[in-house]
Amino acid sequence: MDRHSSPDSPPVSPTDSQPRSFFVLSLLYGGMTVIAGVLAYKQFAIGPLVVESGILAFLLLVVISSAVSQLHGKAAADRLVLWGFLPLAFSVALIGLVLLLPASPDMPAENLAAFERVHGQTPRIMAAGPVAYGVSLLLNVWIFDKLRGKGRQGGGFGLMVRGAVASAISQAVDTLIFITLAFYGEFPIGSLLVGQAIAKIVLSFVLVPFLILGAVAVARRLDAPRKGLAA
């Protein structure tokens, strides 16, 4: 067995360079890194808590990286997180370019103002996002792998518990880093920190375990030998 592989890693056929599940999960992961920042401009309520919608994409990043760690090993999940900086950087650069390009005179002024307001983030926010992303996602993978232990496949209920705990801790850290770097000194951040952290922890225990279980199940289906193609 490859030293970087997981005990759950599916066999790879001689004609495949990588498991189908890793390819599909990587595509989804890259998309979530790009859309998370855009979704953050809408807030929704969970009871008394107000949450930015970008958390939904970010929790999917947690789910995908955990599923990759479960199936393909920690090293593969770490690489996925690090490569996630690439679509993130390209999207930031492309948004910056589009903001600099002159708008069409036929574009309604209110549409242009809305576009610039949503995408014209301050440098502090643009810097805080990638830092929080890298630290929290690598931490999630590390905790998820550590809780697994050695010599155990760790599926089923154990998989759900590991996913919930790793997500809750990493998302609390993500909130602390992002809000502090982006908004400290601009206004009091205590209530925002507490509200965001509680919301992310609650969602980590309510949604993430089932999403990870589902992602792993779908990934195993993708990697199962297809009839007529098996050797």
Side-chain angles (χ1 to χ4, degrees), residues 1-12 18-29 31-33 36 44 46-47 49 51 53-81 84 132-133 135-176 194-226:
M1 181 184 294
D2 189 312
R3 65 187 180 91
H4 295 305
S5 64
S6 160
D8 287 350
S9 297
V12 181
Q18 62 186 3
R20 189 178 295 108
S21 65
F22 187 78
F23 176 74
V24 173
L25 290 173
S26 297
L27 289 177
L28 293 173
Y29 190 93
M32 291 305 102
T33 62
F44 65 93
I46 302 179
L49 301 176
V51 187
S53 300
I55 185 180
L56 300 177
F58 215 95
L59 287 176
L60 287 176
L61 292 175
V62 169
V63 169
I64 295 169
S65 61
S66 298
V68 168
S69 178
Q70 177 72 15
L71 292 168
H72 306 294
K74 178 179 180 295
D78 285 339
R79 288 196 299 271
L80 182 68
V81 173
Y133 158 82
V135 173
S136 63
L137 266 297
L138 289 173
L139 179 63
N140 174 76
V141 171
W142 183 82
I143 296 173
F144 184 83
D145 182 71
K146 283 296 181 182
L147 293 176
R148 182 177 196 160
K150 296 184 180 295
R152 295 183 294 108
Q153 295 205 355
F157 182 72
L159 171 64
M160 297 173 71
V161 171
R162 289 187 292 118
V165 172
S167 177
I169 296 174
S170 65
Q171 290 310 289
V173 171
D174 172 80
T175 299
L176 177 63
V194 173
Q196 291 286 306
I198 291 175
K200 289 184 177 182
I201 290 171
V202 169
L203 290 174
S204 292
F205 280 98
V206 173
L207 290 180
V208 169
F210 301 98
L211 292 175
I212 292 177
L213 196 64
V216 170
V218 170
R220 285 175 176 156
R221 295 265 321 234
L222 289 172
D223 290 329
R226 289 182 290 178

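Atoms considered below: every heavy atom in the structure, side chains included; atoms not considered: hydrogens, waters and symmetry mates.
- A donor-acceptor distance shorter than 3.5 angstrom exists from the side chain of Arg162 to the backbone of Phe144, with no hydrogens or angles considered.
- Pairing each heavy atom of Val68 with each of Phe22, the nearest pair is CG1-CE1, 3.6 Å.
- Asp78 pairs by the side chain to side chain donor-acceptor pair (under 3.5 Å) definition with Lys74, not counting sequence neighbours.
- Taking CG of Leu80 as the reference point, atom CG of Leu138 lies at 10.0 Å (rounded to 0.5 Å).
- Summarising the geometry of Gly84 relative to Tyr133, their closest heavy-atom pair is CA-OH, 3.4 Å, with the distance given to 0.1 Å.
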Task: side-chain contact (heavy atoms from CB on, under 4.5 Å) assessment of Phe157 paired with Val161 - done: CA-CA 6 Å; Phe157 182 72; Val161 171; 3.5 Å; yes
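- Not a single side chain to side chain donor-acceptor pair (under 3.5 Å) links Ser170 to another residue, sequence neighbours left out.
- Separating the OG atom in Ser26 from the NE2 atom in His72 is a distance of 8.0 Å, to the nearest 0.5 Å.
- In terms of modelled atom types and a separation under 3.5 Å, the side chain of Arg148 and the main chain of Gln70 share a donor-acceptor contact.
- Closest approach of Ile201 and Ala172 over heavy atoms only: CD1-CB, 4.4 Å.
- Between the OG atom of Ser66 and the CD1 atom of Ile143 there is a distance of 10.0 Å, given to the nearest 0.5 Å.
- Atoms CZ and CG, on Phe23 and Leu222 in that order, are 11.5 Å from each other to the nearest 0.5 Å.
- The structure places OG of Ser69 at 10.0 Å from CG of Leu159, a figure rounded to the nearest 0.5 Å.
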Determine all donor-acceptor pairs shorter than 3.5 Å in which one atom belongs to a side chain in residues 53-65; sequence neighbours excluded.
from: Ser53; atom 1: OG; to: Lys42; atom 2: O; distance (Å): 2.7
from: Ser65; atom 1: OG; to: Leu61; atom 2: O; distance (Å): 3.0
from: Ser65; atom 1: OG; to: Val62; atom 2: O; distance (Å): 3.1
from: Ser65; atom 1: OG; to: Asn140; atom 2: ND2; distance (Å): 3.3

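- The only member of Leu27, Thr33, Leu25 that meets side chain to side chain contact (heavy atoms under 4.5 Å, CB included) when paired with Tyr29 is Thr33.
- Between the CD atom in Gln171 and the CG atom in Leu139 there is a gap of 9.5 Å [rounded to 0.5 Å].
- Paired with Val216 under the rule side chain to side chain contact (heavy atoms under 4.5 Å, CB included), one option of Val218, Leu213, Ile212 passes, and it is Ile212.
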